Amino acid sequence: LIERRIALEARRQLRFSNLSIKQIAAELGYDDPAYFTRFATRALGTPPSNYRAASRTLPPPQNMNAAVSSTLRRAEFDTLE
């Protein structure tokens, strides 16, 4: 459950912030950026730098609040399963 939440926040940070991967790792509690990269690669299916590049080519959500709310609802639903 905790790893899913961290992966969700990593996705959000990689797509919408200009922080470096090292800074994102530190914000998410990883002292070693290499360990964060291994975790994120496993969780995202691709290295964080590739995820960031691919997600930046996607159009922004129509309604940011709805997108965040929908993501949170899905995450909450996943915890009930």
Side-chain angles (χ1 to χ4, degrees):
L1 179 65
I2 294 169
E3 285 186 351
R4 278 199 263 168
R5 180 61 181 103
I6 292 171
L8 178 67
E9 183 62 19
R11 284 184 187 92
R12 191 182 71 77
Q13 290 284 343
L14 289 166
R15 181 159 187 202
F16 298 111
S17 79
N18 290 323
L19 297 175
S20 70
I21 293 171
K22 184 177 180 178
Q23 291 171 317
I24 293 171
E27 282 195 5
L28 295 177
Y30 289 86
D31 295 330
D32 183 3
Y35 185 71
F36 170 74
T37 298
R38 286 192 300 273
F39 162 77
T41 300
R42 188 179 73 244
L44 304 174
T46 187
S49 56
N50 292 356
Y51 183 86
R52 173 174 268 171
S55 68
R56 294 273 170 101
T57 62
L58 298 173
Q62 293 292 332
N63 180 342
M64 182 65 73
N65 291 334
V68 170
S69 177
S70 172
T71 300
L72 291 176
R73 278 195 304 273
R74 273 185 265 131
E76 290 169 1
F77 180 76
D78 289 344
T79 64
L80 298 175
E81 294 180 345

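All heavy atoms count here, side chains included; hydrogens, waters and symmetry mates do not. Note that the structure is a prediction, hence the values are computed from the model and not measured.
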Enquirer: Do Pro33 and Ile21 have side-chain heavy atoms sitting under 4.5 Å apart?
Expert: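 No. Closest side-chain heavy atoms not under 4.5 Å.
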Enquirer: Which residues satisfy the side chain to side chain contact (heavy atoms under 4.5 Å, CB included) test with Thr41, sequence neighbours excluded?
Expert: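 If we apply the side chain to side chain contact (heavy atoms under 4.5 Å, CB included) test to Thr41, skipping adjacent residues, the hits are Thr37, Pro47, Pro48.
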Enquirer: Once you round to the nearest 0.5 Å, how far does CD of Gln13 lie from CD of Gln23?
Expert: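 It is 10.0 Å, given to the nearest 0.5 Å.
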Enquirer: The test is side-chain contact (heavy atoms from CB on, under 4.5 Å); show your working for Arg11 and Arg15 and say whether it passes.
Expert: CA-CA 6 Å; Arg11 284 184 187 92; Arg15 181 159 187 202; over 6 Å; no
Enquirer: From the options Ile24, Asn50, Leu19, select the one residue that forms a side-chain contact (heavy atoms from CB on, under 4.5 Å) with Leu14.
Expert: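 The option that passes is Ile24.
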Enquirer: Check the hydrophobic clustering (I, L, V, M, F, W, Y; side-chain heavy atoms under 4.5 Å; chains of links allowed) and say if Leu44 and Phe39 are grouped together.
Expert: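 Yes, because Leu44 and Phe39 connect within a single hydrophobic cluster, where side-chain heavy atoms sit under 4.5 Å apart.
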Enquirer: Would you check if Tyr30 and Ile6 make a side-chain contact, meaning some heavy-atom pair closer than 4.5 Å?
Expert: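 Sidechains of Ile6 and Tyr30: in contact.
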Enquirer: Determine, using the 4.5 Å side-chain heavy-atom cutoff (strictly less than), whether Ile2 and Leu8 are members of one ILVMFWY cluster.
Expert: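 Result: no, two separate clusters.
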Enquirer: Check the pair Ser17 / Arg52 against side-chain contact (heavy atoms from CB on, under 4.5 Å), numbers first and verdict last.
Expert: CA-CA 10 Å; Ser17 79; Arg52 173 174 268 171; 3.8 Å; yes
Enquirer: To check you understand the geometry: which heavy-atom pair defines the closest contact between Ala10 and Phe36, and what is its length?
Expert: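 Residues Ala10 and Phe36, closest heavy atoms: CB-CZ, 4.0 Å.
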